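Computed from a predicted model, the values in this text were never measured in an experiment. The sequence lines fix the lettering, A, B, ..., with proteins before strands; numbering per chain opens at 1.
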2 protein chains.
Amino acid sequence: MTFDLIIQNVSRYISLTREEEGFFISMLQSGHAGKKTFLLQEGEVCRYTYFVMSGCLRGYSNDKNGVEHTLIFAPRDWWISDIYSAVTQKPGMLNIEAIEDTELLMLSNENRELLFTRLPKFERFFRILVEKSLVNMQQRILDNMSLTAEERYQSFCTRYPGLADKLTSKQIASYIGVTPEFYSKMRARLAKKS
Amino acid sequence: MTFDLIIQNVSRYISLTREEEGFFISMLQSGHAGKKTFLLQEGEVCRYTYFVMSGCLRGYSNDKNGVEHTLIFAPRDWWISDIYSAVTQKPGMLNIEAIEDTELLMLSNENRELLFTRLPKFERFFRILVEKSLVNMQQRILDNMSLTAEERYQSFCTRYPGLADKLTSKQIASYIGVTPEFYSKMRARLAKKS
DNA sequence: GAAACTTCATAACCTAGATTAAGAAATGAT
DNA sequence: ATCATTTCTTAATCTAGGTTATGAAGTTTC
C-alpha cells in the first residue's frame, strides 16, 4: 500500500513535513468497494470522507419519484462524501456507489477533527478543496440553466475525460439531467452528424 | 458603526477573544453600494469578500445569449464573493449588484490571507461557510433536475423568506430558471388557485 | 444454457416551458 | 408633467425534452 497519490494530492495546496505526512497517514483507513456495492446509502449518516486510489465512485440521490440524479463522479485521485450529512451528522439523501472495483482511503469524521486539531493546515486544505468543489457546482447550476442537453454532455466529457466509456447510458443521463430515452436519441443524432 | 452583526455571524462557528475580535475588525473595510450599482462586474478580478450589514446584493452571470442567471442573493447577514475569481485571481463571470441601498463590510483577498496566517481559526470559519454554501448549491442542482418551476419558486420563498417582495419578476425568474413570461403566467395560475 | 432482469434503441405522442409579439403599467429622465 | 425606457401581462405558437410502449441485446442467476 503506497500513499504517494494522496500525499501528492494534499501537497497541491499545503506542504507537509515527513512527520506530518506520517500523522496524516495514521489517520486514514484503507478500504475496498466491489463493483455495484454501496459505501453510503440514503438515510444513513455519512461517517467518512473517501479518497479514491483506483476505480470510480458515483454520488447520486433519488427524487420523490424514484428517479436518480447524479451529483458527482469520483474517479482516481478525487475526494467524495455526503457533506450535508457529514457536517450535520444527520441522515443524508446521498448514495455513494462503486461503478467498478474501487480502492479507497477513508478519513473518519473523528479523525478529520483530530487532524484539524493537530495540524490546522488541514483546515486550509479542506477549505480549498471545498472551494474548488463549490466553483464546480456553481458552474453546473449555470450550465443547467443555460445549456442544451447536448452541450451539457460535451461539458461532462470535458470535466471527466474518458469516464463516459466506463458508465452506463443511464448514469450519464442522470448526470446531465435527461431521461435515458432522450439521451439515446441524442447519441443517435450526434453519431449521424459526424 | 457597530460590528455586532459580523462578530455574531463569525461566532456561530468559531469563538474569538476580545483581541482576536479587534484584529479581525481591523482587517475589514466598510462600504456602501447604492441601489442598482455594481460591486463587481463580469471580466473583473474579485478583490473582496463582502458581508452584508443591511440591504441586499445579487450575484448573477450572463450566458452567451445575454440572459441573466442568478446564482445567489445576499440579504443582511450573508457573505458573498465570486469564489472562482477570488481563488484563481483570474477575471470572473459574476456580476454583483445591489438590489437596494446596501451597507457592507469588505474583506480584501490580502487581508483574508493575513487573517488566515494570524488567526488560523478563520480557515475553519471559512471552511464551514463554504461547506454550507456547497450543500445549498448541491441541493439546488437536485432541485433544478427534479422539481417543476412552481416547486422551485416555493423552494426559493423558503430559502429567502420575505425577499420576493424586494425583487423584480425578472430577478426571481432568473433565480428559479424560467423566462419572465413564464414566471408571469405561473403567478397568474398560482393566484387563481388560492 | 435457459429463465429472468436489466439495459438500450426507436418511435409515436405529449407537455412544461420558450419564443414572439403587442399592449398596459410602472419607472425614470428632463 | 411629458416623453422614453424598462417591466409586466396575456396570448398564440413552437420545441426540447418527457412519457409510454415495444422489441432487441446484454447480464445475472441458478
Self-check item: Pair B:R58 + B:E68: basic N to acidic O under 4.0 Å
Solution: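 Counted as a salt bridge, because a side-chain N and a carboxylate O are separated by less than 4.0 Å.
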
Quiz item: Using 4.0 Å as the upper bound for N to carboxylate O, is an ion pair formed by A:E150 and A:R189?
Solution: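 Looking at A:R189 and A:E150, the cut-off is met.
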
Quiz item: Is there a donor-acceptor pair closer than 3.5 Å between any side-chain N or O of B:T102 and the backbone N or O of B:C56?
Solution: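 Side chain of B:T102 to backbone of B:C56: a pair is present.
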
Quiz item: Does NZ or CZ of B:R118 come closer than 6.0 Å to the centre of the six-membered ring of B:F23, within 45° of the ring's axis?
Solution: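 Because its charged atom sits under 6.0 Å from the ring centre and within 45° of the axis, B:R118 does stack over B:F23.
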
Quiz prompt | Charged tip of A:R159 within 45° of A:F73 ring normal and under 6.0 Å | solution =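 No - A:R159 does not lie over the ring of A:F73 by the 6.0 Å and 45° rule.
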
Quiz prompt | Per B:S184 side chain, nearest of listed nucleotides C:dA9, D:dT9, D:dG18 | solution =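 Taking heavy atoms from C-beta onward, the closest nucleotide is D:dT9.
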
Quiz prompt | Side chain of A:T179 (C-beta onward), nearest among D:dG18, C:dT19, C:dG17 | solution =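 Closest of the options to the side chain of A:T179: D:dG18.
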
What is the distance, to the nearest angstrom, from the [atom1] atom on [X] to the [atom2] atom on [N]?
X	N	atom1	atom2	answer
A:Y153	D:dA16	OH	C1'	19 Å
B:E68	D:dT6	CD	P	13 Å
A:Y183	C:dT10	OH	P	13 Å
B:M186	C:dG17	CE	C1'	11 Å
B:R187	C:dG17	CZ	P	16 Å

Quiz item: Of all of residues 160-177 of chain A, which get a heavy atom below 4.0 angstrom from DNA chain C, listed by number?
Solution: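 The answer is A:T168, A:S169, A:K170.
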
Quiz prompt | Interatomic spacing from CE in B:M93 to CG in B:D82 - rounded to 0.5 Å | solution =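 Between B:M93 CE and B:D82 CG, I get 8.0 Å after rounding to 0.5 Å.
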
Quiz item: Out of B:L119, B:N9, B:V130, which one pairs with B:F125 under the side-chain contact (heavy atoms from CB on, under 4.5 Å) rule?
Solution: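 When side-chain contact (heavy atoms from CB on, under 4.5 Å) is applied between B:F125 and each of B:L119, B:N9, B:V130, only B:N9 qualifies.
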
Nucleotide N/O to protein N/O under 3.5 Å, stretch nucleotides 11-16 of chain C:
none

Quiz item: Under 6.0 Å from the CZ atom of B:R152, do we count more than 12 heavy atoms belonging to anything else shown?
Solution: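 More than 12 heavy atoms, drawn from other residues, nucleotides or ligands, come within 6.0 Å of this atom.
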
